[in-house]
Structure formats: structure tokens, C-alpha cells
Amino acid sequence: MALNKTYDPREIESRWYRFWEESGYFAPADSGGGAGAPYCIMIPPPNVTGSLHMGHAFQDLIMDGLIRYHRMRGRNTLWQPGTDHAGIATQMLVERAINAEGKTRHDYGREKFTGKVWEWKEQFGGAIAGQLRRLGASADWGNERFTMDAGLSEAVKEVFVRLYDEGLIYRGKRLVNWDPVLLTAVSDLEVVSEAESGVMYYVRYPFVGDEDNGIIIGTTRPETILVDGAVAVHPDDARYQSLTGRRVWVPMTEPRRAIEIIADDYVQADFGSGCVKVSAAHDFNDYQVYLRHPDKDIPLIVLFTPDAKMNDNAPRQYRGLDRYDARKQIVRDLRGRGLLIKEEPHQYKLPRGDRSGAVVEPMLTDQWYVDLTRETLADGRPGGKTRITDPAIAAVRDGCVQFVPENWSKTYYQWLENVEDWCISRQIWWGHRIPAWYDDDGNVHVGADEAAVREKYGLPASCKLRQDEDVLDTWFSSALWPFSTLGWPQQTERLQTFYPTSVLVTGFDIIFFWVARMIMMGVKFMHQVPFHQVYIHGLVRDAHGRKMSKSKGNVLDPIDLIDGISLAALVEKRTSGLMRPQDAAAIEKQTRRDFPDGIPGFGADALRFTFAALASTGRDINFDLGRTEGYRNFCNKIWNAARFVLMNTEGEDCGQNGGRMELSLADRWIISTLQRSQAEVNRAFGNYRFDHAAKAIYELVWHHYCDWYVELCKPALNGDRRHQNGEQQLRGTRHTLVRVMETMLRLAHPIMPFITEEIWQAVAPLAGRTGPTIMLQPYPLEQPDEVDEAAEREMRRVIDIVLAIRKLRGENRVPPGRRIPVLIAGPGPANGRASKQAPALHAEAAVYIETLAKTEAIQMSGARPSAANSAMLVAGDMQIILPLDGLADAQSEIKRAARELKQLERLIARSTEKLSNRDFIEKAPAVVVEKERARLGDLRSKKSQLGAQWEGGPGNGR
RNA sequence: GGGCGCUUAGCUCAGCCGGGAGAGCGUCGCCCUUACAAGGCGAAGGUCGCAGGUUCGAUCCCUGCAGCGCCCA
């Protein structure tokens, strides 16, 4: 089977992926019988609405690399795929489509609307799975799961009911983040605060009984003055100490209300006027003040409707106004009454819903919570802190879960140690409906379904029940993902086999949302952590470190990097559907500058290799397309090396059927080098250092195998007389050539699965390996007995000498094609010092040098010859002398030699100084001192050899 | 305000346990040498952010500062 002349990733990739999937190679051995130890990764389920972005691609390629690696290591491997129903995001998306028809979701009603969402999911929800396949993801597609499917829904209900029955889920009226556009509560984590500029208003509240005087407060939200319950100052603030306990009138209220000036530590004396208003129903800090002063009778008045308009608690003239219109109106009115003392520009953090972008409003509403903060419940049972939070902290503290890199555990602790109760109810339709039913008296009954509830609470059929309208936070079901996907609450074999999973691969941005909650739920319900390690990777940014975003117009689509995209299509993609269409021109200009020819298709393997090479220490990665191009070239290099191997081994005796073999120096060297690389790559996979793995593979293939080994094989393979050492050696070389290639393919397979499979199919039989696919072959491990230090040493000499000769050739402008004579002298006594008698240059080595440095037959000499007009270099214990007669202008050689001499003198001076330092001799480890001495010796002998040459060489007589 | 991280060649980044500064891309020079021009060979290019400290010795450890970034309040 021959390879095409050119490497065409597109054709290869689709062919092999289909073969793998249809052959069932991605599925684990469920029964576990006879298979290796289980290895399992749960995919962080992408939103069902999502399409693949660079972050997914990066994350998924790391997972696929790990999965393929461990599968080849013989583990019983499961990569569990699936998607998340993404409540708010998905509902918004489908709702937008409905809005476009001029309707709202209320026109359909709950049943029909969720039906529409399911339809949408069936039609479009599979997109991301298709894209993952393009990347080569070897997930168990036959068992794909969805957070809303029947099994996972059962798990959700089970968990809810059990937590409720243990008193760890409760319903309560609390201040929550309310999204006035989506009309639902959202959790703290779904709120993002960014600095925006606003105005600080200073308002005078007149004293009761002394209305010409008053206290001045600073506020950024003057509209909430209307529901103020107190004014607060810092207890140590000398300016106000005498005022605490006095009462002031709340401006603009009708009828007038008076409130008390109280003292509370939370007030910052040096901020604003040092005096703040307290509107406890609409500010989280104020609410805490309210809770801290139960004796003060601070009123808790709600001011807004769910869509953030002024309600009936506001004076008549403000009712029905939007909160911002109301603010303008009130500021005008305050100014009119002379109560607005001052306005100044002010930077403050404005909290917005991460989905809607609307400014969220703290609102007092009834919601469901998971208790994470109580030591004990009112009835004496252990509370959520004891049962859920503390065990999750302990799991990491005790090392049952390890973060990689380790310091992310700090982030984890910091959050969990300050965690609030988890608001799990959402006022939307798409999601797991809360399994709670109310009777006509408002009593709540919790159970898996209505029938279960009736039975559990002994409710007769005559008792009417109405299910809670809310659905659960999407992350509630995600938190169960590591065991719900495996069949829990059923005790399935899959669950037994694969829980706890091996490692979680995810971004730092969802440590709180997801990682912590999975650990909580895993420990609570499975009594075991959900995964042993958490590999946290960085964010994928653009080449210059900017976050990729639609509005910046710097987004890259991983599929475009695989397939390529024209400039026109890329511009179209980046400029359509912008939030701010006025950005289009700038984005187009920037795109045309960055990608004047569009993006060529690099193939999935090159993309995968790029991500591996950039995945260093969990820090963010700046995605540079130049790297991908370089790794596409690397694919091409492997491709062509394989073609070379096949040309020289197909139909030949490569020893796969036995027969005596003799290995050349080069053969022994490359085999030994291969062992080093194998050790390095395996170590790197163990440490999650994919960059090290990629680098080791790159260097082995390109710099060791292609640059040196293949070149060294050529003469023998081409029938060069000097290399004709009989059939045994030829067989040995062919065998090594093909065997090392075959091993390199297996070594690289987890990172670049497609090209390695394509080539392996052709190469493996020649290496005596059989099997339907490379992906189920054993992963190469280091064989210590194949390390050959003697061969490594000898080849090191060859390489040093060749490099030295090439350097001389290059600097003296000797044409690459021209064979030149070379003298190699030494080893001889090095200037006054007894030098180790190095073994004479191996005959094989001499031939290698002649081949790779394009020289005539090397003349060896024990003594240093005095060749006039020649260039000389020292490599190890050898002097390389190139007669330059008729080759080049000696002038350049004089300059070069002078430069080198100067450099040597600098190094010698530094080394001498170090060695004459008594402290160094006495305190540094003996090995280091010895090494330094040897180094100085080398430098000195090099210098003396060069110096001698200088006298008798090119400088002589000029 | 609290916490975390980063600063090494023009660009993107490695650098292990403290002991002679590395890679890829880019640049320059020479080559279409029968696997590969998506290639080969060679070269130039760095005060390791700044200032102290520890040490015989610091890119590496410690302290402070500056700049950049992220998370939490």
C-alpha cells in the first residue's frame, strides 16, 4: 500500500473516523471482564445550543489525547459524551425564534413551548457532536447523554427529594439576584459586575424636629430613597457619633416617613459623605444591615415590579415608571426641593445577568435553596455545612481530589469557605421542574411525582395538588453528571466500573459553577469523590493575548482551521450578526490585514498538535496560527519520511520473517534515542505536560530520525559500496528504519490520530505488526536494555564533527554540492595536559561524516598536520582541518578564527575566575567543581589548538 | 480592599532539583542534493521587567517596586 505523493488531511480524516466509529473502537468494555483497569473522563457537557469554539476544541483535544493514550496503555477506557440542556440560554434562543414570528412563549403555553424546545433540540442539538467528530474525538457516542433525558431526570428528582427529606433543601423568602428581563432569579455566579461610570448623588435628609438641618448621605441609586429604612454611619466616626438614634425624614415620601440614624461597621467613613441610606429590600449590604439590627424595626419595603418598574409602594407620581426614568424624575424633584446637595461622577460596579445583559435587581422573593451553611438544622439534624460543604472541602484537603496545577485548590477553598446557600429555582420553563406539589392550603409536598407524593404524605385523591411552577438551576443537573450519566440511581455495571472517574478536564471559570458542586454531590450521594484529579487548562486567546469574542471580531472557528476558509467567507462570518453593526468595518479591515489569503486548511492533526504544544502549565494560551502552520509542515514531514521508508522497505526483506540481522552504529543510535523519547513522552502524559510530549515527539521525528538517521541510511540503502556490509546489515537497517517509524507512529497517535493511522496501516506489516487499527495497539514504553550509551557517545562525536565541518563550509561559502577534502587529527596530547586517550574514530563513523558533511575520504592523522591556508575547528577531542586552497578567500576564515578565539578567551577567563575562588572549591558540590575543571581543560586545549593553527594557518605570511 | 498569576530573542512560548540561556515562527545568506521547497544547510538576534537580599554561585529561592491580566468583595 503506497501513500499518495502529497499529504491531504481532508481525505484521510473522514475515512478513518468513520472506520473507527463503525468498528466500535470508542466503546469501553462494559463488563470489565478481561479488560484493563478502568479509565474514564466525563466530557464537560457543552450547551446543547452551542457550537464548537476554540475553548472546546482545546479542552476536547486534551481529553482525547488522554483517552487515546490510556486506551493504548491497555486501560478499559470510557470517554462519556453528552450535552447540557442549558435552561436559560436555550429558552432564550427558542423564544427569540418565536418572537420573530410575532408571538411570545405565553401564546404557546408551557406544554407547547417546551415541546418546541425539544423539537429544536432534536433538529439542531447534535451539531456539536458532529464537530467533535471532526476533531477526532474518540468518545463513546453510542451512549451519549443529555441532562434532560429520562435517566438523568430520574437522578435529579432522586437527589432533590433526598436532600429535601434530609432538610438540606428548603424554600425561603430571601434577597436574590433578579433578572428583570428574563424574569427569573439567577445565582451569584450568573451575575457579572463590571466597572461603569455613574453619578454619586448627595442628598440631605432633614432632621425630625429641625428640618432646616439634616444629614447628608451619598447614593448612586436615588430612586430607592423612597423605601429607605434607616440611615447608617460608622460607629467610630466622630462626625456622626452624636447623631445616632436621631430620626430623619425620608425625602419625597407621601405620607412622610421618619427613619432612625443607626451605627454599623459596614459603613466606610472615608467613602462619600461617610453616611449611607439603607434600603434593605434592594441591596445585599443593606439587607445584612437589616439582619444585624433586629431591634431597630427597619422596614423592608419592596419598590419594584418583576420587570423593574416602580410599584404601588412608590408615591403616585412615580408608579409604573421604569427604574431609570424614576431615577431621573426623583433627581429632578430633589433638586427642586433643594435637597440635592451635590452630584459627582463616580465609577462603580454594575451587576448584570450573564445571559441577558440586564442590570439585575436584588429582590425579595420565594426561592428554593440548597443549604450549604448550617452546622445543624433547627430540628437538630446536621445541616448543609456539615453534610455537604465540609466534606467537599475535606475531599481536596485530604488529597482525594487533586488539582493540576495544584494552586487552583486555593481558589476552590476560598469559594467554598465563604459559600452562600445555593439558590436552585429559576422562573423559566425549560428545565427540570421542581418536584414539589402544593395543596389548597399552601402546604408543600415533595416527591418524585404526584402519585409518589400522594402515597408518601397520605393525600387522598380529593386533595387537589398543584406542581411548583419553577425549574431547577441547570447546574443542579450538571452537578450529578459524573454518576447520573452512568445510570445512577440504578446500580448499573457501568456505574460500578467507572465511578469514580479518573480525571476532569476543564477551565478555571467553572470551578465554582461545576467542579465544586460535582464534588459536593459526588461525596454526598456516592460517598466517593467524582474524580481523582482536576486538570485545569487556560483560556484560548488570540495571537496577541486578547480574549476571543464576536464583538472584537477575532474569533477563530476550529473547523475553519481544519478545512480552511476563504477571506470573503471569513469576513462574512465575523461581521454578520454583530451586536453593534457599526463595528463591522473595523473588523473587516483587521481580518483582511491578519488573513490576506483567508486560512488554508491545516487538518485536524495539525490543530491537535498545536493545542498540545501550547498546553503548558495551565496558563492562558495565545493561539498563533503560525504554530499550526508549522505543525502542518510537521505532518508533511512525517508523511514524506514514511514515503521514504516505504520506498526502501516494501517488497524487501526487513527481517519481519526472521533472518540474521546486524545493526549499524546509526541503527543502534536511533533505537537508543527512541527509548529516551519514549520515556519522556510517557512522563509528560503522566504529568499532563502535553507541551513536553509534543516537543519530544517533534524532536524525535524531525531532528533525530529525519535529519540524521534517514540521511545515514541512504548510502547503504542506495547500494553505496562503502556501506555494502552484506545482507545481514542491510536487513538490520531496513528493519530499524521501519520499526522505529512504526513506533514513532504509535507514540504520536494520541496527539495526531489520523495521519498516524493512515501511515501505520502501510508500515505496520513491514515491522511485523498486525492489527486492524493503530488505536488499539500497545503504547510504546521505554526499554532500558535498548539504551546504548556507547552508540550515543560515538554518534555524538559524529554529529559534532559534521556540524563543525558544515559550519566551516557555510562560513567559507563552499557550495553545498561540492565534496571537499578533510583532515581529522587527534587525539593527541593537548597542550601540556595529559588528555584522555579517546578511541580512534570508528570506521563507520568516518563514512557517516563523509556522507553528511559531503567530504572526500577523510584522512586521519595521529599528529597535528600543519596544513597551510586551511580552516580548523575543534570538536570534542578532534581537530577538523579543511584545506581551503582554491575554495575560498582565506580572509573570511581569518576573521572567523579571530572571533572564535576571542570568545574562547572570554569563557576561559570566567571559568578561571570561578575555579580560583576558594569558596567555590570548598562549598560547591565536588561534581560541579570537577565539571568546571573539565570544562576549563577543554576550553584551554581548544584554544591552544586554534592558536597553533592560527600561527601555521591562514594568518601565516599575510 | 483580599487572593492568584504573568513579565526570557522581533512574535508565540519552554526552561525539571540553583551550577555552561533554548524551541517554533519570523529575519539574513547559500542550495530545486532522486522522502519532503509544506524542504535542506548555515548565520544573526537576549542586561532573563527593575532594585535589594540569601548563596561559593540566582532566569530559578526571598523581599520590595513597576507594568499587565484574572478571580472574589
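- Regarding contacts with the backbone of rG39(B), a side-chain N or O of N633(A) is found under 4.0 angstrom from either OP1 or OP2.
- Listed nucleotides: rA35(B), rA38(B), rG69(B). Nearest to the side chain of N636(A): rA38(B).
- Between R806(A) and rG42(B) there is a side-chain polar atom (N or O) within less than 4.0 angstrom of OP1 or OP2.
- With both pairing distances under 3.5 Å, rA58(B) is matched to nothing as a Watson-Crick or G-U wobble pair.
- Closest contact between the side chain of D707(A) and the listed nucleotides rU12(B), rG40(B), rG2(B) involves rG40(B).
- Listed candidates were rC71(B), rA35(B), rG42(B). Nearest to the side chain of V710(A) is rA35(B).
- Mapping E932(A) and N648(A) onto RNA chain B via the closest heavy atom, the residue that lands nearer the 5' end is E932(A).
- Listed nucleotides: rC56(B), rG24(B), rC71(B). Nearest to the side chain of D919(A): rC56(B).
- Distances from the side chain of K914(A) to the nucleotides rG2(B), rG19(B), rG39(B) place rG19(B) closest.
- When Watson-Crick and G-U wobble pairs are counted only if both distances are under 3.5 Å, rG46(B) pairs with no nucleotide at all.
- Checking the phosphate oxygens (OP1, OP2) of rG15(B), a side-chain nitrogen or oxygen of R689(A) falls inside 4.0 Å.
- Look at N418(A) and you won't find any side-chain N or O under 4.0 angstrom from OP1 or OP2 of rC72(B).
- One can find a donor-acceptor pair under 3.5 Å joining the base of rG20(B) and the side-chain atoms of R935(A).
- With a 3.5 Å ceiling on both atom-pair distances, the Watson-Crick or G-U wobble partner of rG5(B) is rC68(B).
- Among rG19(B), rC13(B), rG3(B), the nucleotide with an atom closest to any side-chain atom of N622(A) is rC13(B).
- Outside the 6.0 Å centre-distance limit, the rings of F284(A) and Y287(A) are not counted as a close aromatic pair.
- In the set rG24(B), rC56(B), rA35(B), the nucleotide with an atom closest to the side chain of R643(A) is rA35(B).
- Between K714(A) and rA35(B), a side-chain N or O to OP1/OP2 separation shorter than 4.0 Å is present.
- Tested against Y535(A), the residues F58(A), F690(A), F403(A) include a single ring pair (Phe, Tyr, Trp, His ring centres under 6.0 Å) partner, F690(A).
- Listed nucleotides rA35(B), rA43(B), rU12(B) differ in distance to K807(A); the shortest reach to its side chain belongs to rA43(B).
- Remark: the K410(A) side chain and the rC4(B) base include no donor-acceptor N/O pair separated by less than 3.5 Å.
- For N407(A) and rG5(B), the shortest distance from a side-chain N or O to OP1 or OP2 is below 4.0 Å.
- Taking every side-chain heavy atom of F920(A) into account, rG19(B) is the closest of rA14(B), rG19(B), rA38(B).
- An OP1 or OP2 oxygen of rC70(B) is reached within less than 4.0 angstrom by no side-chain nitrogen or oxygen of W408(A).
- Of the candidate nucleotides rG39(B), rG42(B), rC56(B), rC56(B) has the atom lying nearest to any side-chain atom of P925(A).
- Between H692(A) and rG22(B) there is no side-chain N or O to OP1 or OP2 distance below 4.0 Å.
- Under the Watson-Crick or G-U wobble criterion, with both distances below 3.5 Å, rG29(B) is paired with rC41(B).
- Residues T6(A) and T411(A) each lie close to RNA chain B; by heavy-atom proximity, the contact nearer the 5' end of the strand is made by T6(A).
- Partner of Y705(A) under the ring pair (Phe, Tyr, Trp, His ring centres under 6.0 Å) criterion, out of Y709(A), W708(A), W702(A): Y709(A) alone.
- With hydrogens and angles left out, the side chain of E711(A) and the base of rA35(B) share a donor-acceptor pair within 3.5 Å.
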